[in-house]
Amino acid sequence: MHTETELKLRASPETLAALREHPLLKKRNKSGWQTRELLNQYFDTPERELSAARVALRLRRDGEVIIQTLKCRGQSVAGLSERNEHEWQLDKVKLDLKKLDASCWPEQLAELDKKTIKPLFTTDFTREYAEISWGRGKAKVVIEAALDQGFVIAGKRKEAICELELELREGAPEALLELAAELAATLPLMPCDISKAERGYRLLDEGSYELDLPTAELDAEMPVDDAFAALAWQLLGSSQRLAEQYRHTGHWRLLQDWVRCLAELRALTGSLGQAAPRAATRELRASLDALLEDWRPLVLAGNEDEDIRRAAPEQFTEELEDPRWGQFSLQTARWLSARAWTVERKGRGERQGKAQLASWLQHLLGEEARALKLPLYVQRPEDLAEQLPRIESVQAWMHHARQVLDLPQQDRLYGELNKLHELAEQALVDEHKDELLEARIEQARAIEQNRAWKYLLKSPSAR
């Protein structure tokens, strides 16, 4: 058994052609580009019990070599995946079920009748590959770069394969992100948190591709730094999966959720105060602001306009054909991996970053509640949109971390904040209609009367 660490990036045929001649890969290419045909058959039970257990079972023909592979449950975040992998060379193209014994077979499938395992779909593609190697500090990095083109075929349905796959052979996992980010600086490369096997299952059942990543596990006593890192990784990974699925299906709800993920990441990043000095977050905030400036008004307008919804998939395709999305995704992953917001802070910032989450968060929400000054916007409801960043800060933390707070009626408060946020957002697409202004006044008053809100207003300062 070995652990496979890799990064997949969706590309176009034109981008793959450019990668073959990319100066950085040319400089570090120690083997030259080689080509092989890989023919792959994936197996599962009719009920797809292997997929449910996060197991992939494959037969691969690589020239004259036949390999049986079992990939077990691993972890995948923001396109960078790690999975345990078992391989056996076989004499013929037929599953050897005897290899799937207790030494590798997941315990949760112990009662499965392996004789029910049958062929399900194929992923056949041409792979051009090269060994990319360089010195990273005092360490050596070796990565196999693979340019894959072919098709996933499930019954009468098929999907093109066109991607760059970077697999770590030696060195630190961060080197994968560094190399990918350098390549994505000028080429549209989309971190693609979906395996070829997942694409096959998706062809069989569109809903099989899981959009929700495991919820970040937060507790009251964990440091603020750890809580922010967990939530930011989750939001980045979710945004990538939503982008992949919206590209595939064009379902409007996915684009709405994609924008929401970006807005929440922006809100959390901007809420950390001295725990994340503004200089350390400037690039991330600017990237998020640019994406949200283009896509949030479109989504808000599209909620009321079918023509906008119908045109959005083509516009999103254009977004993915530009390097911006790949650059944002990879640079943010590098920023999170290095915990770059902690590097140069001092004194109070260090103390806040290491503070216990529950105490820090209640103080932060209290400050934001007081600064929001809801009575002012009862008098001037037309100006409520100027408080969107502050509303979204409270909203994002209450969405993801209200389980660590001890507030009365906090679930009710979260629901009321969502309503206020929706009314404030409308200023981005609507004129100040009388009924909208009246609704803002009523909603601001509803929040003012909430017990949790009154409690927050009395919370001591976090500064």
Revision key, fill the gap. When F43, F151, Y42 are each screened for ring pair (Phe, Tyr, Trp, His ring centres under 6.0 Å) with F121, the one that passes is Y42
Check your understanding: So, the side chain of W335 versus the backbone of A280: is there a donor-acceptor pair under 3.5 Å, distance only?
Key -> yes
Check your understanding: Thinking salt bridges, do E422 and K419 make one under a 4.0 Å N-O criterion?
Key -> no
Review point. Within the side chain of E368, is there an N or O that forms a donor-acceptor pair under 3.5 Å with the backbone of V394?
Key: no
Review point. Do D148 and Y129 have side-chain N/O donor and acceptor atoms under 3.5 Å apart?
Key: no
**Study point:** T332 side chain to S329 backbone, donor-acceptor under 3.5 Å
**Key:** no
Exercise for review: Decide yes or no for V152 and K158: does some side-chain heavy atom of the first lie under 4.5 Å from some side-chain heavy atom of the second?
Suggested key: no
Exercise for review: State whether the number of non-hydrogen atoms from other residues, nucleotides or ligands found under 6.0 Å of F316 atom CZ is greater than 12.
Suggested key: yes
Study note, to complete from the structure: The single option from I132, L177, L9, T5 that satisfies side chain to side chain contact (heavy atoms under 4.5 Å, CB included) with L166 is L9
Check your understanding: With a 4.5 Å limit on heavy-atom distance, are the side chains of D294 and R324 in contact?
Key -> yes
Review point. Do L7 and L168 have side chains that get closer than 4.5 Å, going by heavy atoms?
Key: no
Check your understanding: If you draw a 6.0 Å radius around NZ in K114, do more than 12 non-hydrogen atoms from other residues or ligands fall strictly inside?
Key -> yes
Review point. Distance only, no hydrogens: is a donor on one side chain within 3.5 Å (strictly under) of an acceptor on the other, for E87 and Q68?
Key: no
Exercise for review: Look only at the side chain of T122 and the backbone of D124, and say whether a donor-acceptor pair between them is shorter than 3.5 Å.
Suggested key: no
Review point. Does a side-chain N-to-carboxylate-O contact under 4.0 Å join E128 and R36?
Key: no
Point to revise | Pairing of R199 and E163 as salt bridge, 4.0 angstrom limit | key: yes
Review point. Below 4.0 angstrom, N of the basic side chain to O of the carboxylate: do R296 and E392 qualify?
Key: yes
Review point. Does a donor on one side chain sit under 3.5 Å from an acceptor on the other, for E319 and W295?
Key: yes
Practice item. Indicate whether any N or O donor in one side chain lies under 3.5 Å from an N or O acceptor in the other, for N303 and Q256. Key: yes
Check your understanding: Would a 4.5 Å heavy-atom cut-off, applied to side chains only, mark L298 and Q315 as touching?
Key -> yes
Check your understanding: Would you say the side-chain atoms of T45 pair up with the backbone N or O of E49, donor to acceptor, closer than 3.5 Å?
Key -> yes
Review point. Taking NZ, NE, NH1 and NH2 as the nitrogens, is one of them in R380 or E382 under 4.0 Å from a carboxylate oxygen of the other?
Key: no
Review point. Is it the case that more than 12 heavy atoms not belonging to E283 sit under 6.0 Å from its CD atom?
Key: no
Review point. Would you find a donor on one side and an acceptor on the other, under 3.5 Å apart, between the side chain of S238 and the backbone of Q234?
Key: yes
Practice item. Using distance alone, with no hydrogens and no angle criterion, decide if T126 and Q149 have a side-chain donor and acceptor under 3.5 Å apart. Key: no
**Study point:** Flag, side chain of H251 to backbone of R253, donor-acceptor distance under 3.5 Å
**Key:** no
Practice item. Compute both the distance and the angle, then confirm whether R440 meets the cation-pi test with Y377: under 6.0 Å from the six-membered ring centre, within 45 degrees of the axis. Key: no
Exercise for review: With sequence neighbours left out, write down each residue that passes salt bridge (charged side-chain N to carboxylate O under 4.0 Å, His left out) with D307, or none if nothing qualifies.
Suggested key: R310
Study note, to complete from the structure: When every non-hydrogen atom of A181 is compared with those of Q331, the smallest separation belongs to CB-NE2, 4.1 Å
Exercise for review: Could you tell me the separation between the CG atom of L407 and the CG atom of L413, rounded to the nearest 0.5 Å?
Suggested key: 8.0 Å
Check your understanding: Roughly how far apart are F328 CZ and L236 CG, rounded to 0.5 Å?
Key -> 6.0 Å
Check your understanding: Do E416 and N450 get their side chains close enough for a donor-acceptor pair, meaning under 3.5 Å?
Key -> no
Check your understanding: CD of E318: more than 12 outside heavy atoms within 6.0 angstrom?
Key -> yes
**Study point:** side-chain hydrogen bond (donor to acceptor under 3.5 Å, both in side chains) contacts touching residues 397-406 (sequence neighbours left out)
**Key:** E264-H399, E264-H400, S271-W397, R402-D411
Point to revise | R241 with E198: basic N within carboxylate O range, under 4.0 Å | key: yes
Check your understanding: Is it true that R309 and E304 have a side-chain N and a carboxylate O under 4.0 angstrom from each other?
Key -> no
Practice item. Report the C-alpha separation of D289 and R285 in whole Å, then their side-chain angles, then the decisive distance to 0.1 Å, and conclude whether the salt bridge (charged side-chain N to carboxylate O under 4.0 Å, His left out) test is met. Key: CA-CA 6 Å; D289 287 342; R285 288 183 287 109; 5.7 Å; no
Point to revise | Within 6.0 Å of CZ in R278, more than 12 heavy atoms from elsewhere | key: no
**Study point:** Distance-only donor-acceptor check, side chains Q245 and R202, under 3.5 Å
**Key:** yes
Review point. Under 3.5 Å, side chain of T269 to main-chain N/O of R266, donor-acceptor pair present?
Key: no
Exercise for review: Of all the heavy-atom pairs spanning A396 and A267, show the shortest one and how long it is.
Suggested key: CB-CB, 4.1 Å
Review point. Is a donor on one side and an acceptor on the other found under 3.5 Å between the side chain of E165 and the backbone of A146?
Key: no
Point to revise | Under 3.5 Å: donor-acceptor pair, side chain of R157, backbone of L203 | key: yes
Point to revise | Working for ring-ring contact (aromatic ring centres under 6.0 Å, His included), residues Y246 and W252 | key: CA-CA 8 Å; Y246 181 67; W252 181 250; 7.3 Å; no
Practice item. Evaluate the side-chain proximity of L320 to R247: yes if any heavy-atom separation is below 4.5 Å, no if none is. Key: yes
Review point. Got a sec: does the CD of E107 have more than 12 other heavy atoms crowding it under 6.0 Å?
Key: no
Practice item. First locate atom CG of L19, then atom CG of L189, and finally report the distance between them rounded to the nearest 0.5 Å. Key: 5.5 Å
**Study point:** Spatial distance of atom CD (E85) from atom CZ (R58) [nearest 0.5 Å]
**Key:** 6.0 Å
Practice item. Mind running salt bridge (charged side-chain N to carboxylate O under 4.0 Å, His left out) on E448 and R445 for me, showing each step along the way? Key: CA-CA 5 Å; E448 285 186 284; R445 286 173 173 163; 5.6 Å; no
